[in-house]
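Working notes, beginning with the structure itself.
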Amino acid sequence: MSVFSSRKVAAAVRTREDFEISLTSKVDVIFLLYSSIMNLESYIKKAHEAGKKIFIHMDFVEGVGKDRAGMEFLKSIEADGILTTKTNMIRPAKDCGLITVQRFFIVDSHSVDTAVESIRIAKPDVVEIMPGVVEKKIKEFAQKVSMEILTGGLIEFKSDVDMAINAGATAVSTASRELWNYR
């Protein structure tokens with residue numbers, strides 16, 4: 001089952017206003033890039049009522065442990081999954097039944113090798129390559145890993161979305177509201 005059913009753009013949400021707009025957009029998936037233990041359950045409920053999956057960015061959430069208990073808590077309040085740059089959070093999240101998205105920042109050829117090794121060890125459900133405008137590296141990842149590839153970062157135009165999809169990405173994440181209704 002794909003995380004990205006029919007839509008190829010996920011909303012990367014940084015503010016409450018962005019969240020509210022994402023609820024009425026065409027996206028199927030919301031990446032919550034800010035939150036705290038005090039508002040998570042409300043965000044999750046609203047996203048589900050709008051028919052959207054919601055992923056919590058563990059590197060930015062406040063008040064939720066970055067451990068198995070934190071993952072169990074997220075599962076108990078019905079989060080669909082997590083987003084993280086940390087390899088050690090993937091296994092506990094998967095063990096709790098959460099979908100996992102692991103982000104990698106590609107800055108040089110060594111970071112590609114490091115990311116591929118981390119993916120081999122952690123086995124996230126989806127990998128996100130950032131920045132999302134590195135067509136050559138998206139193609140390289142698509143040839144080296146056998147899972148959905150998400151790309152994000154610096155995705156600002158429809159042509160950026162098209163380039164990433166054509167290069168082998170399954171979907172893109174973007175904070176650009178104008179793209180939330182594209183593809």
Side-chain angles (χ1 to χ4, degrees), residues 1-5 10-16 18-20 22-23 27-108 110-132 141 144-153 169-175:
M1 175 188 109
S2 176
V3 171
F4 305 97
S5 50
V13 171
R14 291 188 177 102
T15 67
R16 177 172 284 284
D18 282 349
F19 179 74
E20 295 300 328
S22 74
L23 294 176
V27 298
D28 292 330
V29 176
I30 298 171
F31 291 145
L32 194 58
L33 303 182
Y34 78 101
S35 58
S36 84
I37 195 169
M38 301 304 292
N39 59 24
L40 274 176
E41 197 163 6
S42 171
Y43 281 129
I44 292 166
K45 182 179 178 189
K46 285 181 178 182
H48 289 167
E49 287 171 353
K52 302 184 186 307
K53 295 175 189 159
I54 187 165
F55 290 72
I56 311 307
H57 198 311
M58 290 305 297
D59 303 2
F60 301 136
V61 66
E62 296 177 352
V64 177
K66 313 307 191 232
D67 55 15
R68 182 172 185 83
M71 303 305 136
E72 289 173 354
F73 170 74
L74 290 178
K75 185 66 176 176
S76 76
I77 60 171
E78 301 183 357
D80 294 293
I82 68 160
L83 179 66
T84 184
T85 60
K86 311 280 193 288
T87 301
N88 66 330
M89 282 193 226
I90 300 299
R91 177 56 41 210
K94 288 178 72 100
D95 288 347
C96 292
L98 295 166
I99 300 167
T100 57
V101 177
Q102 188 171 4
R103 279 184 155 180
F104 294 95
F105 294 92
I106 303 302
V107 296
D108 58 21
H110 179 69
S111 60
V112 171
D113 296 336
T114 301
V116 169
E117 181 62 16
S118 292
I119 292 164
R120 187 189 64 72
I121 293 167
K123 297 179 178 52
D125 297 301
V126 179
V127 296
E128 181 174 17
I129 302 165
M130 299 183 81
F141 262 85
K144 290 184 175 183
V145 300
S146 58
M147 61 194 51
E148 290 186 305
I149 297 174
L150 169 70
T151 187
T170 305
V172 302
S173 68
T174 180

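For K144, the side chain to side chain donor-acceptor pair (under 3.5 Å) partners two or more places apart in sequence, or in a different chain, are E140. Listed by chain and number, the residues in a side chain to side chain donor-acceptor pair (under 3.5 Å) with T174 amount to none (sequence neighbours excluded). When the side chain to side chain donor-acceptor pair (under 3.5 Å) test is applied to S22, no partner is found at least two apart in sequence or on another chain. Scored by the side chain to side chain donor-acceptor pair (under 3.5 Å) test, S111 finds D108 as partners (sequence neighbours excluded).
A pairwise comparison of heavy atoms in I37 and G63 identifies CD1-O, 3.4 Å as the closest pair. Between L23 and A47, the shortest heavy-atom distance links the atoms CD2-CA, 3.7 Å. Taking each heavy atom of I90 and P124 in turn, the nearest pair found is CG2-CA, 3.8 Å. Smallest separation of non-hydrogen atoms from K94 and A122: CD-O, 4.3 Å. Minimum interatomic distance between V3 and V29 (heavy atoms only, all atoms of both residues): O-CG2, 3.6 Å. Q102 and T87 get closest at one heavy-atom pair: NE2-OG1, 2.8 Å.
Residues T170 and M147 are not in side-chain contact: their nearest non-hydrogen atoms beyond the backbone lie 4.5 Å or more apart. Contact annotation: the side chain of Y43 never approaches that of I30 to less than 4.5 Å [non-hydrogen atoms, C-beta and beyond]. Using a 4.5 Å heavy-atom threshold, the side chains of M71 and D95 count as separate. You'll find the side chain of V101 reaches within 4.5 Å of the side chain of L150, heavy atoms only. At least one side-chain heavy atom of L40 sits under 4.5 Å from a side-chain heavy atom of L32. The shortest distance between side-chain heavy atoms of L83 and L33 falls below 4.5 Å.
In E62, the CD atom is not crowded: 12 or fewer heavy atoms of neighbouring residues, nucleotides or ligands sit closer than 6.0 Å. The number of heavy atoms from other shown groups lying within 6.0 Å of CZ (R14) does not exceed 12.
How far OG of S118 is from NZ of K86: 12.0 Å, rounded to the nearest 0.5 Å. Of the inter-residue distances, the one linking S35 atom OG with E41 atom CD reads 13.0 Å to the nearest 0.5 angstrom. Distance CD1/I119 to OG1/T114: 10.5 Å, rounded to 0.5 Å. For the atom pair NZ (K53) and NE2 (H48), the distance works out to 9.5 Å, reported to the nearest 0.5 Å. Taken to the nearest 0.5 Å, the CD1 atom of I129 stands 12.0 Å off from the CZ atom of F105. Within the model, atoms CG of L74 and CD1 of I56 stand 6.0 Å from one another, a figure rounded to the nearest 0.5 Å.
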* **Steps toward side chain to side chain contact (heavy atoms under 4.5 Å, CB included) verdict (T151, F141)** => CA-CA 11 Å; T151 187; F141 262 85; over 6 Å; no
* To do: Kindly indicate, with the supporting measurements, whether the criterion side chain to side chain contact (heavy atoms under 4.5 Å, CB included) is fulfilled by N39 and F19.
  => CA-CA 12 Å; N39 59 24; F19 179 74; over 6 Å; no
* Asked: Given the rule in the side chain to side chain contact (heavy atoms under 4.5 Å, CB included) test, do R91 and T100 qualify, once you have shown the distances and angles that lead to the verdict?
  -> CA-CA 9 Å; R91 177 56 41 210; T100 57; over 6 Å; no
* **Residues E128, S173; criterion side chain to side chain donor-acceptor pair (under 3.5 Å); working and verdict** => CA-CA 9 Å; E128 181 174 17; S173 68; 2.6 Å; yes
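Applying the ring pair (Phe, Tyr, Trp, His ring centres under 6.0 Å) definition to pairs two or more places apart or across chains, those involving residues 59-85 are H57-F60. Residues in residues 69-82 take part in these salt bridge (Lys or Arg N to Asp or Glu O under 4.0 Å) pairs, two or more places apart or across chains: R68-E72.
Between K46 and E49 no salt bridge is recorded (no basic side-chain N to carboxylate O distance below 4.0 Å).
At least one donor-acceptor pair closer than 3.5 Å links the side chain of K66 to the backbone N or O of M58.
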